[in-house]
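Chain A is the first sequence line, chain B the second, and so forth, proteins listed ahead of strands; every chain is numbered from 1. Because the structure is predicted, anything quoted here is derived from the model rather than measured.
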There are 2 protein chains.
Amino acid sequence: MPHDATAYEDPRGMVLTIGQLAATAGVTVRTVRHYHHVGLLPEPERDASGYRRYSAQAAVDLIRIRTLADAGVPLARIDALLHARPTEFAAAITGIDAELQRKIDQLTEYRSRIAELASGERLVLPPEVVAILDRMRALGISEQRVRLERDAWILMQALDPHVMPQRIRDKNAAFDDPETRRLYLAVDQSVDWPPNDPRLDRLIEDLDTWETTHEQDTAQQPGYLRLVSSRISETSPSWQRIVAALTHRAEQRRRS
Amino acid sequence: MPHDATAYEDPRGMVLTIGQLAATAGVTVRTVRHYHHVGLLPEPERDASGYRRYSAQAAVDLIRIRTLADAGVPLARIDALLHARPTEFAAAITGIDAELQRKIDQLTEYRSRIAELASGERLVLPPEVVAILDRMRALGISEQRVRLERDAWILMQALDPHVMPQRIRDKNAAFDDPETRRLYLAVDQSVDWPPNDPRLDRLIEDLDTWETTHEQDTAQQPGYLRLVSSRISETSPSWQRIVAALTHRAEQRRRS
DNA sequence: GTCCAACCCTGACGTAGGGGCAGGGTCAAC
DNA sequence: GTTGACCCTGCCCCTACGTCAGGGTTGGAC
């Protein structure tokens with residue numbers, strides 16, 4: 001059978017091989033076959049050796065598909081879109097464009113959040129609470145104690161979020177009072193005192209007075225705060241003594 | 001077994017259920033379980049009924065994971081990242097941030113490409129070629145003919161890209177010549193003449209003269225352009241006659 | 001005390017958009 | 001005549017979960 005020197009013989013413009021088509025559109029061969037598989041791009045005819053042969057129109061179609069796919073449109077939607085009438089198509093394009101803008105805004109926000117990853121709590125807690133924790137640090141309270149406080153706020157946020165605003169006000173007011181600040185710091189420093197240190201007796205006395213004047217009742221606290229108390233106890237024997245003594249005195253007051 | 005009114009009894013701060021934890025971090029319950037499955041978040045202990053119970057620290061960990069995951073970091077990489085030392089972590093964060101910026105730029109470009117989707121060829125062909133096609137339209141050449149021309153350019157780009165610049169210059173020079181413009185238009189208008197129309201004889205004569213003066217040889221063209229010729233032939237009987245006549249005359253000149 | 005919704009559990013399969021083999025045929029050039 | 005770059009089909013793998021199915025638990029209302 002005589003042969004005509006050139007490979008471009010098919011009478012209907014089917015000249016590109018799958019590799020040439022893919023390169024033209026900037027995709028992989030696998031991608032083109034995938035689009036055939038899902039019916040997004042029609043299967044072209046085959047040449048004598050079973051190779052797919054594509055027309056220039058296929059290149060246009062493929063690039064239109066990629067343009068939409070790159071913009072994040074699911075393949076299933078693209079199929080419908082390509083067969084839509086111009087008005088509907090234009091409407092869809094407008095929507096997709098808005099979606100893209102939304103994604104850009106999202107990414108911009110993620111970018112700024114990424115920058116804050118170094119410090120753990122800023123991401124988890126509202127800024128007012130972060131300010132309170134920073135205030136504790138500025139007072140000289142240990143990081144260990146601040147972390148316990150942070151956990152209390154996280155649990156509160158998860159379990160009892162509606163009390164947050166009031167608690168934030170209360171806590172800030174408390175730290176405006178010099179006696180409160182003094183007691184916080186004293187408790188913090190007592191962490192490595194021995195449980196029978198005489199200074200502890202004095203501190204417990206002061207704390208009990210503070211609780212009665214501030215109408216705080218340890219036994220009335222919600223469960224998660226009692227839990228935080230128990231974690232405080234675990235931290236050191238002296239703190240365990242403080243928590244136990246205050247709880248005991250509060251119970252006694254309740255009975256009377 | 002007596003019970004204590006509140007559910008927060010575990011001594012080690014394991015208080016949140018999986019749903020509460022998920023809500024705190026803004027993810028689904030399924031996502032948390034998935035992270036356990038892939039070992040990204042450690043499995044917490046279970047309460048008496050087999051429910052998972054989480055600490056506040058788990059919330060911090062989960063939100064850190066999500067912050068990275070939202071930024072597009074694969075889960076497999078997050079695992080390593082969370083255990084990295086601060087300097088390495090900071091370096092990785094910088095890289096991720098750059099990657100995010102790149103994505104934002106990408107999306108911005110996709111946005112502008114989406115806007116051009118209405119017209120097919122702008123995405124596929126370089127602007128110089130689009131200008132040529134627009135020039136043909138401005139001359140009054142039919143859209144059918146322009147599309148054939150467009151396909152020729154697409155095939156050229158895919159199969160023979162290095163000749164593009166020269167072809168672009170040639171084509172623009174050709175359209176600077178009034179006689180060339182006249183002939184293009186005349187051929188275009190002849191599309192629905194009968195093949196035996198006497199005006200066709202005159203037109204073929206003019207085209208042959210043009211070919212010889214412009215040193216164009218139809219038989220020397222690359223295969224894909226011959227193919228486009230064959231598609232032109234298919235469009236109408238009169239065009240078929242033109243192509244056949246010109247090919248025949250070119251052959252005769254070659255033999256002599 | 002019992003009913004109901006809203007939780008929780010495990011396990012298994014489905015999804016998009018391909019990647020990456022295996023195992024084989026074809027084409028063009030040297 | 002062989003080498004390297006293509007092409008073919010078919011099948012399993014991947015990520016980051018979603019979505020059943022089929023059950024147990026909890027907490028509050030009646």
Send over the distance from [X] [atom1] to [N] [atom2], rounded to a whole Å.
| X | N | atom1 | atom2 | value |
| --- | --- | --- | --- | --- |
| Arg77(B) | dA16(D) | CZ | C1' | 17 Å |
| Leu21(B) | dC7(C) | CG | P | 15 Å |
| Asp70(B) | dC17(D) | CG | C1' | 13 Å |
| Arg53(B) | dC7(C) | CZ | P | 14 Å |
| Glu45(B) | dC8(C) | CD | C1' | 18 Å |
| His37(A) | dG10(D) | NE2 | P | 10 Å |
| Asp47(A) | dC7(D) | CG | P | 11 Å |
| Gln20(B) | dG27(D) | CD | C1' | 13 Å |

query = Salt bridge check: are Lys171(B) and Glu149(B) linked by an N-O gap of less than 4.0 Å?
reply =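 Salt bridge present between Lys171(B) and Glu149(B).
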key: Glu45(B)/Arg53(B) ion pair, N-O < 4.0 Å   =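 No, Glu45(B) and Arg53(B) are not salt-bridged.
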In chain order, what residues pass the salt bridge (charged side-chain N to carboxylate O under 4.0 Å, His left out) check against [X], with sequence neighbours excluded?
| X | result |
| --- | --- |
| Arg147(B) | none |
| Lys103(B) | none |
| Asp151(A) | Arg231(A) |
| Asp97(A) | Arg111(B) |

inquiry  = Test your reading of the model: is there a side-chain donor-acceptor pair from Thr108(B) to the backbone of Ile104(B), 3.5 Å cut-off?
reply    =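 Pair found, side chain donor or acceptor close to backbone of Ile104(B).
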query = Looking at Phe89(A), is Arg64(A) sitting on its ring face, NZ or CZ under 6.0 Å from the six-membered ring centre and within 45 degrees of the normal?
reply =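 Yes; both conditions hold, so Arg64(A) lies above the ring face of Phe89(A).
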ask   = Which of residues 100-109 of chain B have a heavy atom under 4.0 Å from DNA chain C?
value =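 Those residues whose heavy atoms fall under 4.0 Å from DNA chain C, taken from residues 100-109 of chain B, amount to none.
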note = Heavy-atom contacts, protein to nucleotides 9-20 of chain C, under 4.0 Å, summarised as B (base), S (sugar-phosphate only) or - (none) per nt, yield SB-B----BBBB
ask   = Considering all heavy atoms of both residues, which atom of Val15(A) and which atom of Gln20(A) are nearest to each other, and what is their separation?
value =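 Heavy atoms only, the tightest pair is O-OE1, 4.0 Å.
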query = Would one find a side-chain N or O of Thr17(B) under 4.0 angstrom from OP1 or OP2 of dC8(C)?
reply =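 The answer is yes; a side-chain N or O of Thr17(B) sits under 4.0 Å from OP1 or OP2.
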